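These notes concern the structure reproduced below.
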2 protein chains.
Amino acid sequence: MSIERNPEHTRTRILEAAQEEIYENGYQGMRIEAILQKTQLAKGALYHYFPNKLALGYAVVDEILLEHVKENWAEFSSKYPNPLTAIQQLFLWKADLYKNEVCFKGCPLNNLNQEMASIDKGFHERLENIMESIYDSIVTSLEQGQQQGLVRQDINPGKIAMFIMASYQGIIGVAKCMQAPQLLTDLFGTLNDYIDTLRPSNR
Amino acid sequence: MSIERNPEHTRTRILEAAQEEIYENGYQGMRIEAILQKTQLAKGALYHYFPNKLALGYAVVDEILLEHVKENWAEFSSKYPNPLTAIQQLFLWKADLYKNEVCFKGCPLNNLNQEMASIDKGFHERLENIMESIYDSIVTSLEQGQQQGLVRQDINPGKIAMFIMASYQGIIGVAKCMQAPQLLTDLFGTLNDYIDTLRPSNR
DNA sequence: TTTTAAACCGACCAAATGGTCGGTCATCAT
DNA sequence: ATGATGACCGACCATTTGGTCGGTTTAAAA
C-alpha cells in the first residue's frame with residue numbers, strides 16, 4: 001500500500017513542529033529528533049527541505065511568526081476604525097487567549113528575541129524586522145487617528161507606539177514569570193487605562 | 001613556585017564567569033569549557049564547587065542576580081524618600097547604564113526568565129522569587145507614599161507596581177531588539193511621564 | 001614534622017546531537 | 001511501459017559537551 005506524498009504539506013508540518021519545539025524549549029533547546037518524532041518523518045526528509053538547523057529556525061520566523069503577526073493586526077485594525085480601540089480590543093483578546101496554558105509559555109516572538117537577538121545576527125535581523133513592521137502599523141494608525149480627531153494631538157505617535165509595544169511585551173513576560181492568569185487581566189487593564197488617556201478630552 | 005589558593009575567591013570567579021556566559025549565550029548556550037577558559041581553571045576545580053551545570057546556573061541566580069537586584073533597589077529607595085522619584089531616578093540611571101553595549105544584551109533577569117521559566121522549574125521558582133521581592137518592594141514603597149501624600153490615593157499600588165515592572169522589562173526587551181540607545185531614553189522618558197501622572201494633582 | 005583534608009588537575013568517558021549519504025519509493029512526463 | 005526527478009528513508013559519522021575519577025598539590029591542624 002502506497003503512502004501519500006504531499007511536499008507542500010510536509011514542509012508545513014515540519015515548520016509547525018519546529019515552531020512548537022522552539023516555543024517550548026527555545027531555539028537552542030529545540031531538537032531535530034523531536035521534530036522528526038512529531039512529524040513521523042525520517043531525518044532525510046527534513047534535510048531535504050532545510051539545509052540545516054539554523055535555516056529551519058529562520059524559516060519558522062519568516063513563515064510562521066511574521067505571518068501570524070500580520071494576520072492578527074490586519075484583523076483588528078480593519079474591525080475597529082478607532083486605532084486606540086483596535087489596540088485595546090487586541091489586548092483584551094490576547095489577555096483572554098493567553099489566559100489558559102499559553103500564559104505560562106510567554107510570547108513566541110518575545111521569547112525568541114530575548115534568547116537569540118544578541119547571539120545570532122540572522123535571528124536578530126528577522127525579529128527586528130517584525131518589530132519594525134508592528135511599530136510602523138501602530139504609528140501610522142495613530143497618526144491617522146490624530147487626523148480624524150480620535151487621538152490627542154499633543155502626543156508623539158512614535159514614542160507612544162513604542163511604549164505600547166514595550167509594555168505589551170513586558171506584560172506577557174511578567175505574566176509568564178508569575179504564572180498567574182489574573183495578573184494578565186489586571187496588567188492589560190492598566191495598559192488599557194493608559195491608552196484611554198490618549199483619547200482627546202471631551203469638551 | 002607555589003600557586004596561591006583562595007577557595008572563596010575561586011568560587012566567586014567561577015560564578016562571575018558563569019554569569020557572563022549566561023548573559024551572552026543564555027543558560028542553554030553557556031558552555032562549561034568557556035568558563036574554564038575564562039577562569040583558567042581545570043574541570044575538576046569547577047566540579048569541586050558545583051555538582052553539575054544546573055546547580056551552577058541556580059547559584060548564579062541566587063548569588064549574583066538576586067544580590068544585584070537587592071543592592072540596586074536598596075540604594076535608590078534610601079536615596080530618594082519619594083517612592084515615585086526613586087523609581088524614576090532608578091530608571092534614568094538604568095537608561096544611562098544600558099546606553100552603551102549593555103543595551104544590546106538586554107536585562108540578565110529578563111533574558112533568563114524568557115529562556116528558562118517555562119522549561120525548568122528550578123529556574124522558574126528562583127526567578128519568580130526575585131520578581132516577587134522587587135514587586136513587594138515597590139508596593140510597600142507606593143503604599144507608604146500614599147500615607148505620606150506623595151502618591152495619589154485612588155490608585156491601586158499592587159496593579160501599578162506590577163505594571164511598572166512589566167513596562168520596565170518590556171522597554172529593555174524592545175531596546176535590545178531594536179538596538180537603538182536613543183530608543184531607551186525615549187521609552188524610559190515616556191514611562192517616567194506615566195509615573196508623573198501618579199503624583200497627587202496640585203490643588 | 002607528619003598527617004589530613006581540602007583544593008585542584010586533566011585525561012578519559014558516554015551520551016546526545018547535528019548532519020551526511022547511498023539507496024528506495026512515488027509520481028509524472030514522454 | 002519506462003525513464004527521470006523529486007520525495008523520503010535510516011544507518012552511520014564526527015563532534016561537542018556534560019560529567020567522572022584517580023591522582024597531585026597546597027595549607028593548616030596535630
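None of these values were measured; they are calculated from a predicted model. Protein chains get the first letters and strands the later ones, always in sequence-line order, with residue 1 at the start of each.
Distance A:Asn52 CG to D:dT15 P: 17 Å, rounded to the nearest Å. Rounded to an integer number of Å, the gap from NE2 of B:His9 to P of C:dA6 is 22 Å. One can place CG of B:Asn25 at 16 Å from P of D:dT16, the figure rounded to the nearest angstrom. One can place CD of B:Glu33 at 13 Å from P of D:dG19, the figure rounded to the nearest angstrom. Remark: P of D:dA7 and CZ of A:Arg13 are 14 Å apart, rounded to the nearest angstrom. Put simply, CD1 on B:Ile32 is 20 Å from P on C:dC13, counting in whole angstrom units. Atom CD of B:Glu21 is separated from atom C1' of D:dT17 by 13 Å (rounded to the nearest Å). Atom pair B:Lys53:NZ and D:dG18:P shows a separation of 5 Å (rounding to whole Å applied).
Inspection of the B:Asn129 and B:Glu125 side chains reveals no N or O donor paired with an N or O acceptor under 3.5 Å. Judged by distance alone, the side chains of A:Lys105 and A:Asn111 never bring a donor and an acceptor atom under 3.5 Å apart.
Phosphate proximity of D:dT16 to B:Arg31: absent, as no side-chain N or O sits under 4.0 Å from OP1 or OP2. Under 4.0 angstrom from either OP1 or OP2 of D:dC8 there lies at least one side-chain N or O belonging to A:Thr10.
Residues of residues 34-50 of chain A that place a heavy atom closer than 4.0 Å to DNA chain C, in numerical order, are A:Lys43, A:Tyr47.
Side-chain N or O atoms of B:Lys176 include one that pairs as donor or acceptor with a backbone N or O of A:Gln114 at under 3.5 Å. The main-chain N or O of B:Tyr58 is never found under 3.5 Å from a side-chain atom of B:Tyr27 such that the two would form a donor-acceptor pair.
Two residues are said to be in side-chain contact when any heavy atoms from C-beta on lie closer than 4.5 Å; A:Leu150 and A:Pro200 fail this criterion. Contact check for B:Cys107 versus B:Tyr98: side-chain heavy atoms found under the 4.5 Å cut-off.
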